[in-house]
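Just so it is clear, the values below take in all heavy atoms, side chains as well, and ignore hydrogens, waters and symmetry mates.
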Amino acid sequence: MEVKYLNVPLKIKSVSETGEFEGYASVFGVEDSYSDVVMPGAFQKTLEKWAERQDLPSVLWQHKMSEPIGPFTEMKEDDHGLFVRGRLLIDDDPLAKRAHAHMKAGSVKGMSIGYILKDWEYDSAKGVFLLKEIDLWEVSIVTMPANTEAKITEVKTALRKGEIPSPSSVEKALRDVMGLSQKQAKAFMAKGYSAISQRDVDLEIDALESLKSLKSILTGE
């Protein structure tokens with residue numbers, strides 16, 4: 001079970017001088033940089049579980065579990081997305097104070113959600129992955145929302161386990177690692193992925209070499 005990352009624009013409605021902020025950590029129906037679209041209701045079950053524990057995820061800095069910068073005080077789904085309220089500990093934590101300054105200045109580029117994907121489907125007509133149920137683990141303030149290394153690791157781990165990587169992880173790795181355009185990656189996923197079976201994967205070959213083979217199937221290079 002691996003934590004994935006959902007990269008969304010930082011949508012802060014307000015940031016107070018004392019560190020309180022509110023906004024949307026995720027917006028429904030909007031395609032992110034990896035062609036993921038969060039569907040309404042995706043956070044319902046995970047929020048219920050957090051409520052049962054009488055707890056909420058911490059505000060993290062750059063996905064580092066060792067660097068919390070404050071608590072979230074409220075999380076809820078509405079018609080627009082996942083609404084959050086939080087408080088940065090700017091009087092007690094120098095890192096929180098720095099994060100607060102960047103949030104107010106607009107130099108922080110995104111918010112990224114760490115989660116386990118519980119239910120999804122691929123919409124071939126739109127070329128997007130519909131995220132239907134998300135198990136929320138953490139929410140981070142990040143400098144840049146992209147997390148390429150996480151996507152590479154996901155594919156590499158699956159290959160080493162003798163598994164076929166998920167379609168979403170392969171498309172993302174094709175774009176991030178091999179430099180395929182979004183159009184090329186989507187074309188491969190629409191026409192080529194179903195032709196791949198486990199016997200085609202040599203588990204002794206480095207994961208990146210396997211991805212190069214996938215690229216050659218699509219491009220003919």
Side-chain angles (χ1 to χ4, degrees), residues 1-13 22-50 57 60 63 72 75-84 108-155 158 164-194 196 211 214 218:
M1 198 167 56
E2 291 187 38
V3 177
K4 302 175 185 289
Y5 297 95
L6 178 66
N7 305 306
V8 298
L10 182 62
K11 296 183 178 294
I12 298 176
K13 294 177 64 177
E22 63 179 49
Y24 285 89
S26 181
V27 177
F28 297 139
V30 176
E31 182 178 351
D32 84 339
S33 58
Y34 289 120
S35 301
D36 290 331
V37 177
V38 180
M39 303 302 292
F43 296 100
Q44 181 178 348
K45 290 184 178 180
T46 193
L47 291 178
E48 290 174 355
K49 291 179 180 178
W50 280 105
L60 297 186
H63 292 300
F72 279 107
M75 287 187 176
K76 65 179 181 180
E77 274 199 13
D78 60 20
D79 293 338
H80 189 62
L82 180 64
F83 178 81
V84 300
V108 166
K109 300 300 183 184
M111 180 178 289
S112 187
I113 298 172
Y115 67 98
I116 301 295
L117 185 57
K118 307 293 288 186
D119 188 20
W120 65 276
E121 66 179 74
Y122 182 65
D123 186 333
S124 58
K126 297 181 179 179
V128 298
F129 298 91
L130 307 178
L131 311 188
K132 300 167 67 176
E133 183 181 344
I134 286 175
D135 184 6
L136 184 66
W137 280 41
E138 54 97 350
V139 182
S140 288
I141 305 297
V142 293
T143 307
M144 295 293 290
N147 195 315
T148 300
E149 182 60 32
K151 303 305 174 184
I152 297 171
T153 300
E154 183 181 336
V155 174
I164 296 297
S166 68
S168 60
S169 64
V170 171
E171 180 185 338
K172 293 166 186 178
L174 285 169
R175 291 160 59 184
D176 294 338
V177 181
M178 302 312 304
L180 294 185
S181 68
Q182 184 177 39
K183 182 178 180 180
Q184 287 176 320
K186 288 184 182 299
F188 175 82
M189 296 309 301
K191 299 177 181 179
Y193 188 84
S194 61
I196 301 296
L211 289 174
L214 297 183
L218 174 63

For the residue pair [X] and [Y], what are the closest heavy atoms and their distance?
X	Y	answer
Phe43	Glu77	N-OE2, 2.6 Å
Ala25	Val139	CB-CG1, 4.3 Å
Gly114	His63	N-CE1, 4.4 Å
Ala42	Leu131	CB-O, 3.7 Å
Met75	Leu47	CB-CD2, 3.9 Å

Can you tell me how far the [atom1] atom of [X] sits from the [atom2] atom of [Y], to the nearest 0.5 Å?
X	Y	atom1	atom2	result
Ile134	Ser26	CD1	OG	6.0 Å
Leu82	Gln44	CG	CD	12.5 Å
Lys118	Lys132	NZ	NZ	14.5 Å

Exercise for the section: Verify the ring-centre separation between Trp137 and Tyr115: is it less than 6.0 angstrom? Expected result: no
Exercise for the section: Would you please classify the geometry between the Tyr24 ring and the His80 ring as parallel, tilted or perpendicular, with 30° and 60° separating the classes? Expected result: perpendicular
[Y] and [X], any side-chain heavy atoms less than 4.5 Å apart:
X	Y	result
Glu22	Phe83	yes
Val38	Asp36	no
Glu133	Asp135	no

Exercise for the section: Look only at the side chain of Thr46 and the backbone of Leu136, and say whether a donor-acceptor pair between them is shorter than 3.5 Å. Expected result: yes
